[in-house]
Amino acid sequence: MDFERLKRIQEDLARKACFRPLQREIRVVAGMDVAYSRNSERAYPAMVLMRWPDLELLEEITLLESVNFPYIPGYLSFREVPLLKAVVARVAQRPDLIFVDGQGLAHPRRAGLAVHLGVELGLPTIGCAKRPLAGEFVWPEEHFGATSPILFHKEVVGYVLRSRKGVKPIFVSPGNLITPEEALDYTLRALKGFRLPEPLRKAHLLSVKARKSHEG
DNA sequence: GCGACAG
DNA sequence: ATCTTGTCGC
Ligand SMILES: [Mg+2]
């Protein structure tokens, strides 16, 4: 594994990423996730499209792909971006914003999964991870909606968000064409009583359903 | 060298 | 991520 080369790619992605306010109006959002076979040889990437802001389901897509890269902390995007892009290529309508299951800017080289996917697609993306990877933070209060900034080199790269009272918070950071504050705002508005924003929660269920229908 | 370490 | 059943509670 040529990590030096992969690092250079990530540094390039980080340079290309943009963290300025959303430009276009958001009318359709998407959520994407990937489920794997027991031995991780096959992957079931999935995408759900929902109308914004009412989150009415518009479209669901899943694929069966072979996995060509191992999971290595800090390099997740090289494993999942190819799978996610294959799904996006088959969707009828291109979303205005995509929620991704992983980090965005809150990454050792500012190039998390949401950054990588967002730059390659040229679309706004938000990373919502279930666990931290990089940056400093304090755990937010226990009440719903509590937040605390994620600092990396003294800079705010995202927010820890208590998406459900008394439940482990999620780690929100921008991926591309959106600010950390907007990423937090859109994530909050996509919450519907569960730990993960609806687009991500539904994408996860869909990918698991696809795997179950194809294998045991 | 040791511990941490998205999915 | 996946492997697993019931069980407890913000
Ligand atoms: Mg995932």
Side-chain angles (χ1 to χ4, degrees), chain A residues 1 3 6-7 10 13-14 17 31-47 62 64-87 98-118 125-137 139-146 150 152 157-176 180 183 187 191 193-197 199-201 203-216:
Chain A
M1 198 67 66
F3 289 104
L6 298 181
K7 285 180 187 173
Q10 293 183 320
L13 287 166
M32 303 191 80
D33 192 23
V34 185
Y36 298 88
S37 58
R38 172 177 292 199
N39 58 20
S40 291
E41 286 182 351
R42 294 172 299 288
Y44 297 82
M47 172 184 219
T62 63
L64 198 192
E65 297 283 309
S66 61
V67 178
N68 300 305
F69 200 93
Y71 167 64
I72 302 171
Y75 300 87
L76 171 66
S77 71
F78 294 103
R79 177 183 175 83
E80 299 200 334
V81 163
L83 306 172
L84 300 178
K85 285 182 69 178
V87 176
I98 303 176
F99 284 92
V100 180
D101 183 35
Q103 313 289 347
L105 227 199
H107 176 281
R109 285 167 292 286
R110 303 169 187 272
L113 178 59
V115 169
H116 194 154
L117 184 68
T125 54
I126 295 174
C128 290
K130 298 178 286 298
R131 301 187 301 185
L133 175 66
E136 303 175 356
F137 65 90
W139 295 92
E141 309 278 294
E142 294 291 314
H143 68 268
F144 170 79
I150 298 174
F152 188 63
V157 295
Y159 292 90
V160 185
L161 167 64
R162 189 75 68 176
S163 53
R164 280 195 74 180
K165 179 176 185 174
V167 169
K168 183 183 222 186
I170 58 178
F171 301 76
V172 182
S173 61
N176 190 36
T187 297
L191 290 174
F194 296 90
R195 186 188 178 211
L196 296 178
L200 270 186
R201 192 176 76 84
H204 180 260
L205 292 175
L206 181 61
S207 65
V208 170
K209 186 172 73 174
R211 180 189 64 202
K212 286 182 177 174
S213 66
H214 191 80
E215 349 205 321

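All figures in this text were calculated on a predicted structure; none of them were measured in a lab.
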Q) Base, sugar-phosphate, or nothing for Ala35(A), non-hydrogen atoms under 4.0 angstrom? A) sugar-phosphate
Q. So, for Asn39(A) and Ser37(A), which heavy atoms are closest and what is the spacing to 0.1 Å?
A. OD1-OG, 2.9 Å
(Q) Show every salt bridge (charged side-chain N to carboxylate O under 4.0 Å, His left out) that has at least one partner inside residues 66-79 of chain A, sequence neighbours left out. (A) none
Q | Close side-chain approach of Ile170(A) to Thr187(A), heavy-atom, < 4.5 Å | A | yes
Q) How far apart are the closest heavy atoms of Gly175(A) and Ala17(A), and which atoms are they? A) O-CB, 4.0 Å
(Q) Applying a 4.0 Å non-hydrogen cut-off, can you work out what Phe144(A) is touching in the nucleic acid: base, sugar-phosphate, or nothing? (A) nothing
Q. Going by heavy atoms in the side chains, are Pro82(A) and Glu65(A) under 4.5 Å from each other?
A. no
(Q) Reading DNA chain B in the 5' to 3' direction, which nucleotide is the first one with an atom under 4.0 Å from a heavy atom of chain A, and which is the last? (A) dC5(B) to dG7(B)
Q) When all nucleic acid strands are considered with a 4.0 Å heavy-atom cut-off, which category describes Tyr36(A): base, sugar-phosphate, or nothing? A) sugar-phosphate
Q) Looking only at heavy atoms, what is the nearest atom pair of Gly118(A) and Thr125(A), with distance? A) CA-CG2, 3.5 Å
(Q) Please tell me whether His107(A) and Phe152(A) form a close aromatic pair, meaning their ring centres lie under 6.0 Å apart. (A) no
(Q) Tell me the closest heavy-atom pair linking Ile126(A) and Ala114(A), and the distance in Å. (A) C-CB, 3.9 Å
Q: Looking at every strand, decide which applies to Arg38(A) at a 4.0 Å heavy-atom threshold: base, sugar-phosphate, or nothing.
A: sugar-phosphate
(Q) Of all nucleotides in DNA chain C that come within under 4.0 Å of a heavy atom of chain A, which is furthest toward the 5' end and which toward the 3' end? (A) dA1(C) to dC10(C)
(Q) My validator wants the stems of DNA chain C: runs of 3 or more consecutive Watson-Crick or G-U pairs, both distances under 3.5 Å, written as range with range. (A) none
Q | Check: Tyr75(A) ring centre within less than 6.0 Å of Phe69(A) ring centre | A | no
Q) Looking at residues at least two apart in the chain, or sitting in another chain, which of them share a salt bridge (Lys or Arg N to Asp or Glu O under 4.0 Å) with Arg38(A)? A) none
Q: Assign Asp33(A) to base, sugar-phosphate, or nothing according to its heavy-atom contacts below 4.0 angstrom with the strands shown.
A: sugar-phosphate
Q.
Exactly one of Arg201(A), Lys130(A), His204(A) should register a side-chain hydrogen bond (donor to acceptor under 3.5 Å, both in side chains) with Asp101(A). Which one does?
A. Lys130(A)
Q) Are any non-hydrogen side-chain atoms of Tyr44(A) and Leu64(A) less than 4.5 angstrom apart? A) yes
Q | Stem regions touching DNA chain B, defined by at least 3 consecutive Watson-Crick or wobble G-U pairs below 3.5 angstrom | A | none
Q: Would you indicate what Gly127(A) reaches in the nucleic acid, counting non-hydrogen atoms under 4.0 angstrom: base, sugar-phosphate, or nothing?
A: nothing
Q) Between Gly74(A) and Arg109(A), what is the shortest heavy-atom contact and its length? A) O-NH2, 3.8 Å
